[in-house]
Number of protein chains: 2
Amino acid sequence: MNTASVPDEEPRWLDDEEQRIWRSYVHATTLLEDHLDRQLQRDAGMPHIYYGLLVGLAESPDRRLRMTELAMKAKITRSRLSHAIARLERNGWVRREDCPDDKRGQFAVLTDPGLEMLKGAAPGHVRAVRNALFDRLTPEQQKSLGEIMRIVAEGLQPDEAGADLPWLR
Amino acid sequence: MNTASVPDEEPRWLDDEEQRIWRSYVHATTLLEDHLDRQLQRDAGMPHIYYGLLVGLAESPDRRLRMTELAMKAKITRSRLSHAIARLERNGWVRREDCPDDKRGQFAVLTDPGLEMLKGAAPGHVRAVRNALFDRLTPEQQKSLGEIMRIVAEGLQPDEAGADLPWLR
DNA sequence: GTAAGAAGGTTTAAATTTGAAGCACTTAGT
DNA sequence: ACTAAGTGCTTCAAATTTAAACCTTCTTAC
């Protein structure tokens with residue numbers, strides 16, 4: 001069956017244009033992640049991904065989500081989430097709660113201070129995202145970017161629920 | 001003078017469509033980085049960025065580059081590079097050499113074993129990039145992606161040389 | 001019922017990243 | 001020359017990430 005790949009035969013290398021595209025992608029994403037990490041570390045004392053976790057909770061009913069759901073939403077491993085929530089808990093932005101239905105389960109809950117911090121940090125973050133991304137692109141480019149990224153994300157993540165990523169290992 | 005920004009006044013929030021675009025971006029980039037890191041960790045025993053460093057050296061005259069140049073090329077801090085090269089040196093893929101002209105300077109040099117390892121890992125990596133990205137996009141989308149990423153990268157990195165990033169802190 | 005296995009999360013140890021500090025050398029300016 | 005400032009790079013300690021191992025608590029299939 002050889003589902004893995006075809007480890008043999010000369011691969012189809014990237015041509016010059018593809019190389020340029022790929023490098024631009026790597027550079028842009030590296031620089032932007034870095035930029036946002038710094039912006040949020042400075043203004044909110046946490047990296048971008050942690051901020052995303054708080055946002056994820058803020059949007060959810062009762063400002064809470066099961067650990068695994070949050071991990072899926074943020075596209076990170078459960079292990080990484082576990083550490084992250086532990087840290088956010090130390091900061092008082094998040095609280096853990098047992099799940100009544102499933103004794104194994106845990107909820108991550110956004111606290112009031114957590115929500116406040118989010119409100120405080122959000123404006124600066126949006127500004128940063130606009131400055132670095134939206135303000136530099138035409139409406140067509142924005143639309144195109146959205147489609148492209150949607151395609152790539154879906155390709156790496158077999159449709160939402162049915163994800164056969166075990167949840168990310 | 002308040003050069004920083006305008007920390008005041010209600011910010012222009014992202015509308016629904018912008019939100020979708022931004023989230024797709026974050027998800028896709030997170031998943032792809034993760035995917036490539038795993039692929040390369042499995043096939044080459046190193047994360048994606050380390051692989052990029054070896055490629056950077058392989059392309060350079062004499063397979064060598066000054067630390068700072070390599071850091072710029074890879075868009076990472078000197079500190080991070082220092083650690084990375086130390087690790088690659090332990091693996092025997094890279095060797096450090098003093099710079100004759102400037103006694104402070106160091107060259108990172110790709111070794112023969114390093115080049116071999118690169119040759120061995122490259123096919124799988126290209127395949128992964130194609131599978132996840134190029135094969136899923138139309139030629140127009142690829143072109144658009146290239147333009148968009150070029151714009152974003154340039155925006156975050158005041159033209160190449162004249163970068164006023166001190167080199168990234 | 002119950003044992004085997006899956007699911008939900010956490011923990012451990014090692015690897016990597018970060019930001020600040022610290023050296024050693026260079027360069028500019030006097 | 002001579003010193004203050006700047007460069008180039010490394011190191012330190014703390015924070016984060018990773019993968020694997022490990023509990024518990026469900027679920028399933030006898």
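Just the heavy atoms: all of them, side chains too, but no hydrogens, waters or symmetry mates, feed the values below.
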- Message: Among dT18(C), dC9(D), dG9(C), which nucleotide has an atom closest to any side-chain atom of Arg78(B)?
- Response: dC9(D)

For [X] and [N], is the shortest distance between a side-chain N/O and OP1 or OP2 below 4.0 Å?
X        : N       : value
Arg66(B) : dT7(D)  : no
Arg38(A) : dG19(C) : yes
Thr68(A) : dG9(C)  : yes
Thr77(B) : dG19(C) : no

- Using the test salt bridge (charged side-chain N to carboxylate O under 4.0 Å, His left out), find all partners of Glu116(A) that sit at least two apart in sequence or belong to another chain.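 Salt bridge (charged side-chain N to carboxylate O under 4.0 Å, His left out) check on Glu116(A) returns Lys119(A).
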
Round to the nearest Å and state the distance from [X] atom [atom1] to [N] atom [atom2].
X        : N       : atom1 : atom2 : value
Glu33(A) : dT17(C) : CD    : C1'   : 13 Å
Met67(A) : dT11(C) : CE    : P     : 10 Å
Leu53(B) : dT16(C) : CG    : C1'   : 13 Å
Arg42(A) : dG19(C) : CZ    : P     : 12 Å
Leu65(A) : dG8(C)  : CG    : C1'   : 14 Å
Ile76(B) : dT10(D) : CD1   : P     : 12 Å
Met72(A) : dG9(C)  : CE    : C1'   : 14 Å
Asp98(B) : dC25(C) : CG    : P     : 11 Å

So [Y] and [X], do their side chains get closer than 4.5 Å, heavy atoms only?
X         : Y         : answer
Arg150(B) : Glu154(B) : yes
Val109(B) : Leu57(B)  : no
Met117(A) : Asn91(A)  : no
Ile151(A) : Gln141(B) : yes
Leu145(B) : Met149(A) : yes
His125(A) : Asp43(A)  : no
Glu33(A)  : His48(A)  : yes

- Query: Taking only residues at least two apart or on different chains, which pairs with a member in residues 84-93 of chain B satisfy salt bridge (charged side-chain N to carboxylate O under 4.0 Å, His left out)?
  - Reply: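 Every salt bridge (charged side-chain N to carboxylate O under 4.0 Å, His left out) pair that includes a residue of residues 84-93 of chain B, provided the two are not neighbours, is Glu89(B)-Arg96(B).
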
Got a sec? Which of [range] come in under 4.0 Å of DNA chain C, heavy atoms?
range                       : answer
residues 44-52 of chain A   : none
residues 80-97 of chain A   : Ser82(A), His83(A), Arg96(A)
residues 101-110 of chain A : Arg104(A), Gly105(A), Gln106(A)

- Message: If hydrophobic clusters are built by linking Ile, Leu, Val, Met, Phe, Trp and Tyr wherever their side-chain heavy atoms come under 4.5 Å apart, do Leu115(B) and Phe107(B) end up in the same one?
- Response: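 Unlinked, Leu115(B) and Phe107(B) end up in two clusters.
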
- Results of side-chain contact (heavy atoms from CB on, under 4.5 Å) for Glu18(B) - residues two or more places apart only: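 Scan of Glu18(B) (side-chain contact (heavy atoms from CB on, under 4.5 Å), adjacent residues dropped) gives Arg130(A), Phe134(A), Gln142(A), Leu14(B), Asp15(B).
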
- Message: Taking Asp34(A) first and then Arg38(A), would you say they form a salt bridge - that is, a charged N and a carboxylate O separated by under 4.0 Å?
- Response: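 Salt bridge between Asp34(A) and Arg38(A), a charged N being under 4.0 Å from a carboxylate O: yes.
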
- Message: Quick check on DNA chain C: between Ser79(A) and Asp37(A), whose nearest nucleotide comes earlier from the 5' end?
- Response: Ser79(A)

